[in-house]
Amino acid sequence: MAIGEILLREVPETLLAGVQTGEFRIYGSIIRSVQTGRIAGHLQETSGLTSLASQLLTSPATLPLQGVGLGVDLLGHAANYVQNEQIKTAIGVLHNLQLGNAALDAAGIGVSIAGFAVLSAKIDRVETKLDSLSQRVDAIGRAVEHMLREKIADDFIRLRTATEQMDEGWHLSDASQHWRHVANEAHALVNIFERRIYQMLDDDRSDTQAVEPMQEAMAMAIAMRVSARLAAGDDVAARYAAGEGAKALAKLGGRFGVADNALKRMQASSIEVGTSAWGEALERTTDELRPLFNTIRSRETSAISTILTLEELERQGIEGRRWLETARNEETSPILCLLPTK
């Protein structure tokens, strides 16, 4: 069966309505029944969506740095960006599916097809976060200072170069080996970012606010490794890479939690421990940190959902490169939907 016969250019109304009523929930890029846990659909970003993301990420309008705020800005200030019906439709789809954050976050929705312009803008955003943190070394601790001494900027140059090479492959007559090189480079970068994060976590004075940008960079490198393997026709290796990436993100996530970090921040407070004022301050600190942790956890969920989608592609006999090409060639609909086999 041709991929065009089983891949829907619009999410079925029953699923959209179910998401709105709470019957279904979005986990990363999959739609799952709340009652049964059954997967009802796999979502995939298209060139139509990445084009919109590129406009938003490079817009002169000020976007919040934290990933959690991006979706709010995207959906809450849609009027600033609605230049034509296509953009308006795309924003409407994201709103209905509650995917505002995911559209602009590190890994995107489904298998990443973002081109150099989008990924470069995302890398710029991560570097801006780190630059901002470096101005507050006393608050963040030695971790960021240590990373700066190791010239972390070089890592981001490599990441940016790899995104260019990923794009370049689509213009080569035979790019399989080229994409395998990109996958290997992305794999190395995943390990580098992971090591830097563990260095930060091992520093007692480190802060999750410093870890989050590096986790975003790691998630980008994981997504690129998977996409490059699919593009090269190495579907088995792509599934392996997706699994390893998801496990690495989950393992990192197990090292820190919102409650622990809130207590760590409260250690610097002058409020007497155990008093009602201290309890209220702890609650405020926890509430302030929760969006940051939600962003971190959402990347873990996105990585896991990618594994499930790749497994569904295998079941339906869809080659990874065909999946990427179909999503890249779709410029009108922002999201494609693959229904699972019965």
Side-chain angles (χ1 to χ4, degrees), residues 45 47 50-51 53-58 65 67 104-108 111-134 144 146-200 211-234 237-238 240-242 244-245 248-249 299 302-303 306 320-321 324-325 327-328:
E45 66 183 26
S47 289
T50 58
S51 176
S54 178
Q55 293 181 54
L56 292 170
L57 287 165
T58 59
L65 289 180
L104 300 183
D105 199 27
V111 180
S112 176
I113 64 159
F116 173 70
V118 175
L119 291 175
S120 181
K122 290 181 179 182
I123 293 169
D124 285 342
R125 186 179 67 200
V126 173
E127 289 183 303
T128 299
K129 293 180 191 178
L130 289 171
D131 288 343
S132 174
L133 292 172
S134 70
V144 171
H146 177 69
M147 291 172 62
L148 293 175
R149 286 200 306 268
E150 291 198 18
K151 300 180 180 180
I152 193 174
D154 291 345
D155 300 336
F156 285 93
I157 290 174
R158 289 180 63 181
L159 182 61
R160 198 182 302 272
T161 300
T163 66
E164 287 183 289
Q165 292 173 339
M166 182 68 196
D167 252 11
E168 183 181 5
W170 293 105
H171 302 284
L172 299 175
S173 57
D174 184 4
S176 295
Q177 290 304 318
H178 176 86
W179 276 319
R180 289 182 181 117
H181 170 77
V182 173
N184 290 337
E185 175 67 359
H187 189 179
L189 287 168
V190 170
N191 291 339
I192 288 171
F193 290 131
E194 182 180 28
R195 178 173 64 87
R196 297 211 189 284
I197 293 172
Y198 276 116
Q199 288 175 340
M200 299 171 74
V211 172
E212 186 273 330
M214 296 304 299
Q215 191 244 19
E216 182 172 8
M218 181 178 168
M220 272 192 276
I222 290 170
M224 189 189 310
R225 180 187 174 194
V226 173
S227 296
R229 285 298 181 196
L230 290 175
D234 301 331
Y240 175 80
E244 290 298 298
L249 288 174
R299 293 178 190 138
S302 177
T306 297
R321 178 161 179 171
L324 291 177
E325 289 173 337
R328 282 175 51 84

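- Taking both residues in full, the closest heavy atoms of Arg180 and Ala232 are given as NH2-O, 3.6 Å, listed atom of the first, atom of the second, then distance.
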| field | Residue pair Val126, Met220: steps toward the side-chain contact (heavy atoms from CB on, under 4.5 Å) verdict | value | CA-CA 11 Å; Val126 173; Met220 272 192 276; 3.8 Å; yes

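- Among residue pairs with one or both ends in residues 218-233, those qualifying as salt bridge (charged side-chain N to carboxylate O under 4.0 Å, His left out) are Arg229-Asp234; sequence neighbours excluded.
- The two residues Arg299 and Ala219 make their nearest non-hydrogen contact at CD-CB, 4.2 Å.
- Sorted by first and then second residue, the salt bridge (charged side-chain N to carboxylate O under 4.0 Å, His left out) pairs involving residues 159-170 (not counting sequence neighbours) are Asp124-Arg160, Glu127-Arg160.
- One finds the CZ atom of Arg321 at 5.5 Å from the CH2 atom of Trp170 (value rounded to the nearest 0.5 Å).
- Residues Phe156 and Ala217 share a closest heavy-atom pair of CE2-CB, 3.8 Å.
- Taking CD from Glu212 and CE from Met200, the interatomic distance works out to 10.0 Å, rounded to the nearest 0.5 Å.
- Here the side chains of His187 and Glu244 are not in contact, with every heavy-atom distance at 4.5 Å or above.
- Separation of atoms CG (Asp174) and CH2 (Trp179) is listed at 9.0 Å; rounding is to 0.5 Å.
- The shortest non-hydrogen separation linking Gly169 to Ala175 is O-CB, 3.2 Å.
- The minimum heavy-atom distance linking Ser227 with Ser112 is given by the pair OG-O, 2.6 Å.
- Scanning for side chain to side chain contact (heavy atoms under 4.5 Å, CB included) contacts around Leu230 gives Val111, Val226, Asp235, Ala238, Leu310, Leu324, with sequence neighbours left out.
- Minimum heavy-atom separation, His178 to Gln165: NE2-O, 2.6 Å.
- The side-chain heavy atoms of His181 and Asn184, taken from C-beta on, include no pair separated by under 4.5 Å.
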| query | Would Leu159 and Met224 count as a side-chain contact (heavy atoms from CB on, under 4.5 Å) if you check the C-alpha gap in whole Å, the side-chain angles of each, and the deciding distance to 0.1 Å? | reply | CA-CA 9 Å; Leu159 182 61; Met224 189 189 310; 3.8 Å; yes

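- No donor-acceptor pair under 3.5 Å is formed between the side chain of Gln215 and the backbone N or O of Leu249.
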| request: Show your reasoning for whether side-chain contact (heavy atoms from CB on, under 4.5 Å) applies to Glu194 and Ile197. | output: CA-CA 5 Å; Glu194 182 180 28; Ile197 293 172; 5.7 Å; no

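- Under a cut-off of 6.0 angstrom, the local environment of OH in Tyr240 is sparse, with at most 12 non-hydrogen atoms contributed by other residues, nucleotides or ligands.
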| Stepwise side-chain contact (heavy atoms from CB on, under 4.5 Å) test for Ile192 and Arg196 | CA-CA 6 Å; Ile192 288 171; Arg196 297 211 189 284; 3.9 Å; yes

